[in-house]
Every structure is written in structure tokens, then in C-alpha cells.
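Order of the sequence lines sets the chain letters (A, B, ...), proteins ahead of strands, with each chain counted from 1. Here the structure is a predicted model, which means the values were calculated and not measured.
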Number of protein chains: 2
Amino acid sequence: MTHDHDTIVKSTRDSMPNMDTMFELADFFKVFSDSTRIRIMCALFEQELSVCCIAETLSMEQSTISHQLRILRRENLVKVRKDGKQSYYSLADEHIKQIFEMGLEHISE
Amino acid sequence: MTHDHDTIVKSTRDSMPNMDTMFELADFFKVFSDSTRIRIMCALFEQELSVCCIAETLSMEQSTISHQLRILRRENLVKVRKDGKQSYYSLADEHIKQIFEMGLEHISE
DNA sequence: TGAACATATGAACAAACATTCATACGTTGA
DNA sequence: TCAACGTATGAATGTTTGTTCATATGTTCA
């Protein structure tokens with residue numbers, strides 16, 4: 001780059017959020033970037049479900065679902081309730097629906 | 001799974017969006033799941049910028065930025081205006097800011 | 001108590017992805 | 001026209017990540 005961009009570069013940098021914030025933002029959206037996790041969350045929109053019930057609903061292996069639920073749990077998007085042998089998962093945040101709506105809105109354009 | 005979940009599985013499946021929709025949704029969020037792309041979009045919030053200007057703002061290689069801009073272009077999140085040697089990129093959609101806001105809201109909890 | 005079941009998790013594997021390097025293409029101005 | 005510059009892109013590379021397999025943990029019930 002030869003021409004003088006110093007002013008623009010500087011003011012652009014100043015206008016941007018903190019580095020940390022932008023990395024966190026990417027990490028947050030990363031959770032929604034996998035179709036299995038999306039499908040799990042969609043399944044949980046109506047009611048809480050056990051792990052094997054989710055697995056059967058999605059026609060996927062129990063292990064796969066458990067691994068993905070772990071990620072959703074870590075990110076505080078779902079919560080667990082244990083009852084006997086089963087673990088019942090539900091959405092931790094009503095917020096999630098809004099985020100879905102927003103994505104759907106963009107897709108339908 | 002031994003106990004009878006057929007009813008729940010069936011009604012859950014019925015309540016869920018189309019498969020295609022859920023895959024598209026994941027693909028949409030995938031675009032936001034990378035910190036470089038997030039940073040590029042943040043840089044473009046204020047004004048259109050040339051490729052080399054973005055690269056310098058983020059202290060990253062021009063090639064890296066070009067590759068990521070290609071993805072953002074493919075997903076219709078940025079648009080290009082060519083002027084002489086330079087390509088000026090800008091956000092294609094005011095929508096994007098809303099999506100960012102929503103993510104930031106969740107992070108700050 | 002032991003067998004059947006539900007869930008969680010580590011290791012291995014394959015696929016997806018971001019970055020870098022090298023280079024090609026197009027534009028400008030001397 | 002040729003050199004310098006800005007941008008785009010294919011190939012190579014290393015890393016991340018989702019899925020599978022095997023298995024461990026914990027619970028229920030006969």
C-alpha cells in the first residue's frame with residue numbers, strides 16, 4: 001500500500017469493538033454454525049427431551065448427541081435435569097429463539 | 001431406548017422446521033463464526049474500505065482478507081465497488097448490525 | 001447383586017477450514 | 001509499453017472440529 005491510509009486505518013480501528021469482544025462474538029456464533037446443534041435446539045423448542053429421545057428424533061447416534069449437548073451446555077444454551085437414568089435437556093435461554101428468527105429472516109431474502 | 005417415545009419423537013419432528021432450513025441456518029451462522037470475518041464486518045460498519053486498507057487495519061495479509069471477503073461476498077453480506085486498481089467493500093445489509101447486537105447482548109450476560 | 005439401560009467421555013479418524021505462499025490478472029501513470 | 005501497484009485465486013499446510021467406536025459411570029428393577 002503506497003497511498004496514505006493512515007488516517008482511515010486509525011479511525012477505523014478506533015471505531016471497532018475490543019479485540020476480545022470480537023473473538024467472543026465469533027465463538028458465540030460458532031455454536032450455531034453446526035447443523036446438528038441447530039437441530040437439537042429446534043427439537044428443544046417445544047419441550048424438554050431426554051438424550052436418547054433427541055437421538056432418535058434426529059436419527060443420529062446417542063454419542064454424537066451427547067458430545068454436542070456438552071458444547072451447548074458449556075455455552076449455557078441448554079440446561080440439564082437428571083431424573084433416574086435419564087438426562088432431560090431444555091433450552092436455557094428464550095433469547096435463542098430470537099437469534100433463530102433473525103437468521104431465518106436473512107435466509108428468506 | 002426401550003420405553004415408548006414414539007409419540008414424542010413424532011410430534012417433535014413435526015414441530016421442527018424443514019431439514020433444508022436448519023442446514024441453511026447453520027451455514028448462515030457459520031459465516032459469523034470466524035473472528036477474521038467478524039473483524040472485517042466491524043471495520044466496515046463505519047464506511048466502505050479498500051482491501052489493502054482492511055488488511056492494514058487488521059494487521060493481516062492481503063491474501064487472507066481477500067479470501068475471507070470472497071466468502072462474505074458469496075453469502076451476500078458485503079458488496080464491492082471497483083474503482084481503478086482498488087476494490088471498495090461495504091456491508092450489503094443493515095441487518096448485520098442487528099445480528100451483531102443480538103450476539104453482544106448474549107455475551108454480556 | 002447382577003443384568004439391562006441411559007448417559008458421558010476419551011481416543012482415533014476424516015472432513016472442513018483458515019492461512020500462507022506464489023502467482024496471475026487488471027489498472028495506472030511515467 | 002513497461003513497471004509498480006491492488007486484488008484475486010489455486011495449491012499446500014496445519015489446525016480445528018464433528019462423528020464414530022469403545023468403554024466407563026451411574027441408575028433401575030427383577
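In this entry the distance linking CD of A:Glu48 with C1' of C:dA6 reads 15 Å, nearest Å. The CD1-C1' distance, from A:Ile38 to D:dT17, rounds to 16 Å in whole Å. Between A:Tyr88 atom OH and C:dA6 atom P the separation is 10 Å, expressed in whole Å. Regarding A:Ile54, its CD1 atom lies at a distance of 9 Å from the P atom of C:dT7, rounded to whole Å. Regarding B:Leu72, its CG atom lies at a distance of 15 Å from the C1' atom of D:dA8, rounded to whole Å. Note: CG (A:Leu69) to P (D:dT19) measures 12 Å, nearest angstrom. At whole-Å resolution of the value, CD1 in A:Ile65 and P in C:dT7 are 11 Å apart.
Among all heavy-atom pairs drawn from A:Leu58 and A:Arg39, the shortest one is O-NH2, 3.3 Å. The two residues A:Gly103 and B:Leu25 come nearest to each other via the heavy atoms C-CD1, 3.6 Å.
In this structure, CD1 on A:Ile99 lies 8.5 Å from CD on B:Glu105, to the nearest 0.5 angstrom. Atom CG of residue B:Leu91 and atom CD1 of residue B:Ile96 lie 4.5 Å apart, to the nearest 0.5 angstrom. Atoms CG and CD1, from B:Leu69 and B:Ile40 in turn, are 4.5 Å apart once rounded to the nearest 0.5 Å.
Taking the six-membered ring where the residue is Trp, A:Phe45 and A:Phe100 present perpendicular rings, their angle passing 60° and hence far from 30°.
Put simply, the side chain of B:Thr12 gets close to the backbone of B:Ile8: a donor and an acceptor are under 3.5 Å apart. Here the side chain of A:Ser108 pairs a donor or acceptor atom with the backbone of A:Leu104 at under 3.5 angstrom. Distance alone, capped at 3.5 Å, is enough to place a donor-acceptor pair between the A:Arg13 side chain and the B:Thr57 backbone.
Each salt bridge (charged side-chain N to carboxylate O under 4.0 Å, His left out) pair with one or both residues in residues 15-35 of chain B, not counting sequence neighbours, appears once here: B:Asp27-B:Lys30. Sorted by first and then second residue, the salt bridge (charged side-chain N to carboxylate O under 4.0 Å, His left out) pairs with a member in residues 64-81 of chain A read A:Glu48-A:Arg81; sequence neighbours excluded.
Counting non-hydrogen atoms under 4.0 angstrom, B:Ser66 reaches a base of the nucleic acid.
Outside the 6.0 Å centre-distance limit, the rings of A:Phe32 and B:Phe32 are not counted as a close aromatic pair.
In the model, B:Ser66 has a side-chain atom that pairs as donor or acceptor with a side-chain atom of B:Gln62 under 3.5 Å. In this model, no donor atom of one side chain and acceptor atom of the other lie less than 3.5 Å apart for A:His106 and B:Asn76.
For the helix from C:dT1-D:dA30 to C:dA30-D:dT1, the angle separating the two terminal helix axes comes to 10°, with each axis derived from five pairs and the value rounded to 10°.
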Could you list, one pair per line, each protein nitrogen or oxygen that sits under 3.5 Å from a nitrogen or oxygen of nucleotides 23-30 of chain C, together with the distance?
none

(Q) For a quick check, with a 4.0 angstrom heavy-atom cut-off, what is the B/S/- contact string for nucleotides 13-18 of chain C, read 5' to 3'? (A) ----SS
Q. Which letter, B, S or -, goes with each nucleotide of nucleotides 10-15 of chain D from 5' to 3', with contact meaning a protein heavy atom under 4.0 Å?
A. BB----
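When the side-chain nitrogen and oxygen atoms of A:Tyr89 are compared with OP1 and OP2 of C:dA8, one or more of them lie within a distance under 4.0 Å.
Of the candidate nucleotides C:dA8, C:dA6, C:dT20, C:dT20 has the atom lying nearest to any side-chain atom of B:Glu61.
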